[in-house]
Amino acid sequence: MLENTFNWLLDQQLLISLLILSLLVLERYSLKWLNANFVYKLWLMLPITLLLANMPEHFKPLPNNVISTMLISPKQGFSTTISISWVLVYSAIFSILALTAIVVHLRFINQLRLTNLDDKVLIDAHPDMQLLQSSAVSTPMVIGLFSNQLVLPTAYTQHIDSTALTLIIEHEKVHIKRADNLFNALALMATLLIWFNPLAWLGYMNFRRLQELSCDEKVLTNKTTQQRILYSKALINCAANSRAGLIAYSHYGDKNTMLQRLNQIKHTGNSSMIAKGALLIFAAGMISSFAIAKQPEAISKVQAISPIMRIEPLYPIQAAEQGISGSVVLKYDISPAGKTQNVSVVNAKPERVFDKEAKKALMQWQYKPSNSGFKDVLVQLDFAIDSNYKSEELIEKVTVAAK
């Protein structure tokens, strides 16, 4: 399972990197013509494109005319070899990163020492939201994934004008309404899954920045110039008083993001419908091209499967000692890079005797790279304790004729 997941993630890196790079360019050069909320929503392209590019093919008969076979005999010594598995290395690093993120988050929440807000006027003004306060923070923030709570600095009245405070609370309520904390957690988890791709980390930071710009845009829609000025001053004040340790939880403390937010406030409301329309058409075309590229090739264009390396399975010690022979039929896919994926046992005789070693070896096979890879390839591995063993055909061969 881990091997298949790891191989699938590797196969998706080019597509993921291209999409993230496109979104990074959009944020860098197009916010003057496309509002931040529009660009932020374009992040939906990433999961949609991945879904379309990996849609399962329609069920069809197995296309193999010939099932390749390999004969395995217990000629190799029964010695145990130790090798580094990159899947285990990947899994270990992912686990460490995920555990670190969880521990740091829980530790931060514990250090907040939250207390109920004692401002009755503010509480009555926002009855739909739980308001808390903490002396450990200097900027407003929303905590919680499913049950959101707004945390305000204990001395917020000393640093934030009442009008500006209303706008900032409105900003945080947009986060709560959109369940941004939950999506941030999912985005972070997705980033940790592909921790080896530097563009993924840049993309995560881009996603968080656009999220803040989008919230600012929603808050300042139809607001007066004076209100925008007060809001901008409040952001500057929050940035000036922010603690470095809060940057992971609030973009008020990120000076670069704050500068971008202030610049974007000047352009709020200025967007080109022509630019949006052109970009949507381009995005739709891009998604369609990725989906079409994943469609199975015509039978007449199927390339020959060319193996480069085949690792012979080890003969199970217990089967060799008991003189057991048998066969295993395996089905697998070959990625465009030539790696085997989705290895599964179709049939085995006797059952569960040779399956483990057969799958373990097949996962290491290498094939010549192809344009789109191959699906549902079959191979029968015959484990023979002596030369007199006659294998059976464990699966019916189906011939699919082109019409």
Trp195 vs Ile93, side-chain contact (heavy atoms from CB on, under 4.5 Å): CA-CA, chis, key distance, verdict = CA-CA 8 Å; Trp195 54 262; Ile93 294 176; 3.3 Å; yes
Are any of the side-chain heavy atoms of [X] and [Y] separated by less than 4.5 Å?
X: Asp180; Y: Cys215; answer: yes
X: Ile16; Y: Leu50; answer: yes
X: Ile143; Y: Asn148; answer: no
X: Gln133; Y: Asp118; answer: yes
X: Val328; Y: Lys349; answer: no
X: Trp201; Y: Leu192; answer: yes
X: Arg178; Y: Ser214; answer: yes
X: Ile334; Y: Ser370; answer: no

Has [X] got a side-chain atom pairing as donor or acceptor with [Y]'s backbone, closer than 3.5 angstrom?
X: Gln364; Y: Lys360; result: yes
X: Trp365; Y: Ile311; result: yes
X: Ser134; Y: Pro153; result: no
X: Ser327; Y: Asp382; result: no
X: Asn181; Y: Gly144; result: yes
X: Glu217; Y: Asn37; result: yes
X: Lys356; Y: Arg352; result: no
X: Thr191; Y: Tyr204; result: no

Could you pull out all residues at least two apart from Asp355 that satisfy salt bridge (charged side-chain N to carboxylate O under 4.0 Å, His left out)?
-> none
Just how far is it from atom [atom1] of [X] to atom [atom2] of [Y], taken to the nearest 0.5 Å?
X: Asp333; Y: Lys375; atom1: CG; atom2: NZ; result: 4.5 Å
X: Leu117; Y: Gln130; atom1: CG; atom2: CD; result: 10.5 Å
X: Ile20; Y: Leu202; atom1: CD1; atom2: CG; result: 8.5 Å
X: Leu106; Y: Ile102; atom1: CG; atom2: CD1; result: 7.5 Å
X: Leu10; Y: Lys339; atom1: CG; atom2: NZ; result: 5.0 Å
X: Leu165; Y: Leu122; atom1: CG; atom2: CG; result: 6.0 Å

Distance-only donor-acceptor check, side chains [X] and [Y], under 3.5 Å:
X: His171; Y: Asp216; answer: yes
X: Asn184; Y: Gln211; answer: yes
X: Glu27; Y: Asn206; answer: yes

Where is the tightest heavy-atom contact between [X] and [Y], given as atom of each residue plus distance?
X: Val219; Y: Lys223; value: O-NZ, 2.8 Å
X: Ala337; Y: Pro369; value: O-CG, 3.9 Å
X: Glu357; Y: Pro316; value: CG-CG, 4.1 Å
X: Ala36; Y: Leu213; value: CB-CB, 3.5 Å
X: Leu150; Y: Met141; value: CD1-O, 3.4 Å
X: Pro350; Y: Ser325; value: CD-O, 3.6 Å

Close aromatic pair by centroid cut-off 6.0 Å: Phe374 and Tyr332 = no
Chi angles and distances behind the side-chain contact (heavy atoms from CB on, under 4.5 Å) call for Val103, Thr100 | CA-CA 5 Å; Val103 170; Thr100 301; 5.9 Å; no
Can you sort out the partners of [X] under side-chain hydrogen bond (donor to acceptor under 3.5 Å, both in side chains), two or more places apart, ordered by chain and number?
X: Gln13; answer: Asn197
X: Thr224; answer: Gln227
X: Gln366; answer: none

Carboxylate-amine/guanidinium proximity below 4.0 Å for Glu170 and Lys177 | no
If you draw a 6.0 Å radius around [atom1] in [X], do more than 12 non-hydrogen atoms from other residues or ligands fall strictly inside?
X: Phe183; atom1: CZ; value: no
X: Glu351; atom1: CD; value: no
X: Gln322; atom1: CD; value: yes

Mind running side-chain contact (heavy atoms from CB on, under 4.5 Å) on Phe383 and Leu381 for me, showing each step along the way?
-> CA-CA 6 Å; Phe383 292 76; Leu381 304 181; 3.9 Å; yes
Ile169 vs Met129, side-chain contact (heavy atoms from CB on, under 4.5 Å): CA-CA, chis, key distance, verdict | CA-CA 10 Å; Ile169 292 178; Met129 182 168 52; 3.7 Å; yes
With sequence neighbours left out, which residue pairs that include part of residues 98-115 fulfil the salt bridge (charged side-chain N to carboxylate O under 4.0 Å, His left out) condition?
-> none
Partners of Phe207 by ring-ring contact (aromatic ring centres under 6.0 Å, His included), sequence neighbours excluded?
-> Tyr40, Trp43
